[in-house]
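Just so we're on the same page: letters track the sequence lines, and every chain starts at 1. Note that this is a predicted model, so its numbers are computed, not measured. When reading the values below, keep in mind they use all heavy atoms of this one structure, side chains included, and skip hydrogens, waters and symmetry mates.
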Protein chains: 2
Amino acid sequence: MKDVNKDLNLSVIKAFKLLDVYLNDKQAWGVRELAKKTGYNKTTTYRLLSTLEALDIVQKNDNDKYILGLKLFELGNLVSVHKSLRYYSRIPLENIAKEIKETVHFGVLNNSRVLYLNKVESPLGLKVSTQIGSSQDAYCTALGKVLLAFSSTDQISDYLKHVKLKTCTLNTIVSSDGLLTELKQIREKEYALDMEELELGLICIAIPVFNKDKKIVAGISVSGPSSRFKPENIQSYLSIIKKGAFEIEAHIRDYN
Amino acid sequence: MKDVNKDLNLSVIKAFKLLDVYLNDKQAWGVRELAKKTGYNKTTTYRLLSTLEALDIVQKNDNDKYILGLKLFELGNLVSVHKSLRYYSRIPLENIAKEIKETVHFGVLNNSRVLYLNKVESPLGLKVSTQIGSSQDAYCTALGKVLLAFSSTDQISDYLKHVKLKTCTLNTIVSSDGLLTELKQIREKEYALDMEELELGLICIAIPVFNKDKKIVAGISVSGPSSRFKPENIQSYLSIIKKGAFEIEAHIRDYN
DNA sequence: TAAAATCGTTTCATAATACGAAACACTGTT
DNA sequence: AACAGTGTTTCGTATTATGAAACGATTTTA
């Protein structure tokens, strides 16, 4: 809580840092639990929560623990950033999911992470399921790698400077050189694969979505269990995903 | 800004009241514009916006005006209230929309208003389109009336005490007695109609969704232009919507 | 059954912070 | 050249947030 900041409302910052707890642990919290998580005083936490509750930003559940309230749902749905991406991606994603029968994701790079803007889940029982609005490390997912690959060289070197590549599985790329080579190959092939790099048994294909200036704005990925991703399927999957990407690109030519 | 409140963080309240501006006017705002809208001092508004920008709650658009930021999108998608309603309503709503080819809405009563939790738009060019997360007065919509009708008598009389029934069209019910009679009929028929009460040319059918205790938890509505809502269609529409309601009810039996 | 350990909540003197008028820098218009 | 818009910074003052301690109510442990 040092004041390196110029001149900001500290209690507003505190309030949102408290809400940030919910980004990591999506559960209901008590006053003392949140006080411990945030490092705030118990009374401070209590006062913040009372304030947020009065505003319908948080609310108590059946066990008198705090959960995020409906006002945040209302505000979240008003966010106009990437709104056209979200809007125009829906139907193409559904078409892809209908053909391939695997979960389809649509995301952008945000704060060095993949932010999922949209998804359509596989109709099958065994499937990948990610929450819209959640984010994931970029280096160990196909979607993240394809978004990185077509970023500027400055952005890529910045990414490597600030993000630690951690081992998720035996296949995870953990060296900067390894990732740079991988990104170069992705640029050449115009698609990315995640062969169990994030999680064992999980395979993922991703392709970029460009605007009219050939600048990357988003990516589409299809993911599922390795048992269903045979090498002979990947090419046909790619052409189906590319068809969806073309549809989206047709609508967002003025996106920047 | 009177302190009738017990002991709350006033600047946190100010911050969210500022964000509330976006609920009414979904546009980009400058510092002075927001200061005028909120009644805050220009400097206060500037400091609040700088704080919120540092937290990614708002961000500047191309014209250096403030819009809601992606952090709100992330938080909004974490809201767990009504999450299962939103989840289990999706496919039934899509099936209804596919059959009827009109826009289908799914909503609950929240703060005396209809809050739209989900929607599927009509595939036709001329269609009703409402924003998920937005809300609407209850008394002049079919969805609102059906949600009111099956509320407790206390809630209904409370509603009539606090909400002013304003004329939207010639058909709007503006008297308390008129609305009470209408709600009684809705309880008997188990569905509600909005015959151009909110907007001329706009017709809407709504039915309730109950939990296992026969308590209302949500409602489904189908809306479209009056030219496409012939009296002879309404009965067949109703049976299609009811089928969807049954599907949802099967999944939410423990909802309260 | 008593004691201890939780929980959320309230109090209040003190320390910290938000406030806002005024001045400033910048841009585009008259 | 004067004016009318922006957003931004400064700084003394008035307001507000802070947190240790005490409180009441449950639940758990001895």
**Donor-acceptor pair present, Lys42(B) side chain and dT6(D) base, under 3.5 Å** = no
**Prompt:** Between dG8(C) atom C1' and Asn63(A) atom CG, what is the distance in whole Å?
**Reply:** 14 Å
**Prompt:** Looking at Lys14(A), does any N or O in its side chain come under 4.0 Å of the phosphate oxygens OP1/OP2 on dT18(D)?
**Reply:** yes
**Prompt:** Is the shortest side-chain N to carboxylate O distance from Lys166(A) to Asp137(A) below 4.0 Å?
**Reply:** no
**Message:** It should be established whether Tyr46(B) places a side-chain nitrogen or oxygen under 4.0 Å from OP1 or OP2 of nucleotide dG7(D).
**Reply:** no
**Prompt:** Heavy atoms under 4.0 Å, any strand shown: does Asn41(A) hit a base, just sugar-phosphate, or nothing?
**Reply:** base
**Request:** Identify whether the distance between the nearest side-chain nitrogen and carboxylate oxygen of Lys71(A) and Asp20(B) falls below 4.0 Å.
**Result:** yes
**Item:** Asn9(A) or Val31(A), whichever maps to the more 5' nucleotide of DNA chain C
**Value:** Val31(A)
**Message:** Please confirm whether the shortest side-chain N or O distance from Arg47(B) to OP1 or OP2 of dC19(C) is below 4.0 Å.
**Reply:** yes
**Prompt:** Below 6.0 angstrom between ring centroids: does that apply to Phe16(B) and Phe16(A)?
**Reply:** yes
**Asked** Which whole-number value in Å describes the distance from Leu10(A) CG to dA16(C) P?
**Response** 12 Å
**Request:** Using a 4.0 Å heavy-atom cut-off across all strands, classify Lys65(A) as base, sugar-phosphate, or nothing.
**Result:** nothing
**Item:** Which residue lies more 5' along DNA chain D, comparing Thr43(B) with Thr44(A) via nearest heavy atoms
**Value:** Thr43(B)
**Item:** Length of the CG-P vector between Asp7(A) and dT8(D), whole Å
**Value:** 13 Å
**Asked** Starting at CG of Leu49(B) and ending at C1' of dG7(D), how long is that distance when rounded to a whole Å?
**Response** 11 Å
**Fill in**
Winner on side-chain proximity to Arg32(B), out of dT8(D), dG8(C), dT6(D), is dT6(D)
**Nearest-nucleotide comparison on DNA chain C, the residue closer to the 5′ end among Lys60(A) and Leu48(B)** = Lys60(A)
**Asked** Do Asp154(A) and Ser152(A) get their side chains close enough for a donor-acceptor pair, meaning under 3.5 Å?
**Response** no
**Message:** Counting the atoms with a prime plus P, OP1 and OP2 as sugar-phosphate, which does Asp64(A) contact under 4.0 Å by heavy atoms, base, sugar-phosphate, or nothing?
**Reply:** nothing
**Message:** Using a strict threshold of under 4.0 Å (side-chain N to carboxylate O), is an ion pair present between Glu33(A) and Lys65(A)?
**Reply:** yes
**Prompt:** Of the nucleotides dA17(D), dG7(D), dT10(C), which has the atom closest to the Ser11(A) side chain?
**Reply:** dA17(D)
